[in-house]
Amino acid sequence: SGNDWTEATSNRRFVTLTGWKELTSLRVGEAIISEAGNKKEQVIKVLNPDQKDIVTGSLLGDGYVQEVSPYVYRLTINHGIKQEAYALSKGEALQSSVTYIEKNGYSQKPAVRVQSKCFYLPCKKEELREWAIDNLTVRGLAIAFMDDGTVDATKISSRLYSCASSEASANRLANKL
């Protein structure tokens, strides 16, 4: 949670997301895997490929990320009730809670909210969209498109709307296409 601490000698080893490391090899902000209390039930220790694709696609799409502590995040995704099955599949893959919302946002229409467990990413919050672009796979791109894309069948074209943080980011994303 960012508030836990321990005392250790310099040769004490800790389990990190990349394996065992001695205390002197740890970087500030690096996640240490802990079995403390019942917190392990609230944390996805390492994102599997499906979860990583949902996170990257949702970061570029309908997702909102809350920073729980340095390098530890929670993803929230709201989808309209017409996308209920899609939202439920994301919730299942993320092992997450799913909540039904009677009146969501400006439209006041029914919606489904998926809120993930906490997970570690190797970047600061302001770097998340860049991380998502760098780690975008075809499946992640499909998720972003299902969240914020449109298809114009009359022109045989499509558009992906994204909150790229800069023109350079938008160009990097376009090059992924």
Side-chain angles (χ1 to χ4, degrees), residues 1 17-18 31 33 35 38-69 71-153 155-165 169-170 172-177:
S1 69
L17 295 174
T18 58
I33 297 175
E35 300 293 328
N38 64 1
K39 291 181 182 179
K40 70 179 186 178
E41 300 302 320
Q42 301 169 14
V43 176
I44 300 171
K45 291 180 182 172
V46 179
L47 294 173
N48 67 38
D50 293 338
Q51 293 166 333
K52 189 174 178 181
D53 286 340
I54 291 170
V55 169
T56 57
S58 297
L59 278 170
L60 299 172
D62 286 340
Y64 165 77
V65 175
Q66 172 194 3
E67 185 176 29
V68 177
S69 63
Y71 302 93
V72 179
Y73 304 96
R74 176 176 288 128
L75 176 68
T76 301
I77 311 159
N78 289 346
H79 286 299
I81 202 71
K82 291 180 180 180
Q83 290 184 304
E84 177 183 16
Y86 177 52
L88 292 173
S89 70
K90 284 184 177 181
E92 183 178 334
L94 291 170
Q95 304 164 356
S96 301
S97 62
V98 176
T99 307
Y100 288 87
I101 304 165
E102 189 176 326
K103 295 180 179 181
N104 183 50
Y106 178 77
S107 71
Q108 295 294 291
K109 293 182 179 178
V112 180
R113 173 175 293 145
V114 175
Q115 186 168 46
S116 76
K117 296 179 180 183
C118 297
F119 54 88
Y120 169 83
L121 291 178
C123 58
K124 297 177 182 175
K125 186 169 182 179
E126 59 271 13
E127 301 166 341
L128 283 174
R129 290 201 191 277
E130 300 301 318
W131 175 88
I133 293 169
D134 291 342
N135 289 276
L136 192 63
T137 64
V138 172
R139 186 170 40 184
L141 179 60
I143 290 167
F145 189 82
M146 288 189 294
D147 282 8
D148 279 339
T150 60
V151 175
D152 184 341
K155 296 181 183 175
I156 310 173
S157 67
S158 59
R159 289 183 183 197
L160 175 62
Y161 299 90
S162 176
C163 296
S165 55
S169 292
R172 286 179 54 234
L173 180 57
N175 289 332
K176 288 278 190 165
L177 307 176

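The figures that follow rest on heavy atoms only: side chains count, while hydrogens, waters and symmetry mates do not.
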Between Val112 and Ile81, does the side chain to side chain contact (heavy atoms under 4.5 Å, CB included) criterion hold? Intermediate values first, please.
CA-CA 6 Å; Val112 180; Ile81 202 71; 3.8 Å; yes

Least distance between heavy atoms, [X] atom then [Y] atom:
X      : Y      : result
Cys118 : Arg74  : SG-NH2, 3.1 Å
Ser58  : Lys90  : OG-NZ, 3.3 Å
Lys124 : Tyr73  : C-OH, 3.2 Å
Val114 : Ala87  : CG2-O, 3.3 Å
Thr150 : Phe145 : O-CZ, 3.5 Å
Ile143 : Asp53  : CD1-O, 3.6 Å

Let me see the working for Phe119 and Gln51 under side chain to side chain contact (heavy atoms under 4.5 Å, CB included), right down to the final yes or no.
CA-CA 10 Å; Phe119 54 88; Gln51 293 166 333; over 6 Å; no

Partners of Asn78 by side-chain hydrogen bond (donor to acceptor under 3.5 Å, both in side chains), sequence neighbours excluded?
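Listed in chain order: Arg113.
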
Distance (rounded to the nearest 0.5 Å) between [X] [atom1] and [Y] [atom2]:
X      : Y      : atom1 : atom2 : result
Ser116 : Ile54  : OG    : CD1   : 10.0 Å
Lys117 : Leu47  : NZ    : CG    : 12.0 Å
Leu136 : Trp131 : CG    : CH2   : 10.0 Å
Thr56  : Arg139 : OG1   : CZ    : 9.0 Å
Leu59  : Leu75  : CG    : CG    : 6.5 Å
Asp147 : Gln83  : CG    : CD    : 7.0 Å

Short question: side chain of Gln95, backbone of Glu92 - any donor-acceptor pair under 3.5 Å?
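Side chain of Gln95 to backbone of Glu92, a donor-acceptor pair under 3.5 Å: no, none is there.
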
Among all residues two or more places apart in sequence or in another chain, which pass the side-chain contact (heavy atoms from CB on, under 4.5 Å) test with Ser107?
Lys109

Any side-chain heavy-atom pair from Leu60 and Ile133 closer than 4.5 angstrom?
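Yes; the side chains approach each other to less than 4.5 Å.
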
Atom CD of residue position Glu102 - does it have more than 12 heavy atoms of other residues, nucleotides or ligands inside 6.0 Å?
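12 or below, so no.
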
Quiz: residues 61-68 side-chain donor-acceptor pairs under 3.5 angstrom, not counting sequence neighbours:
none

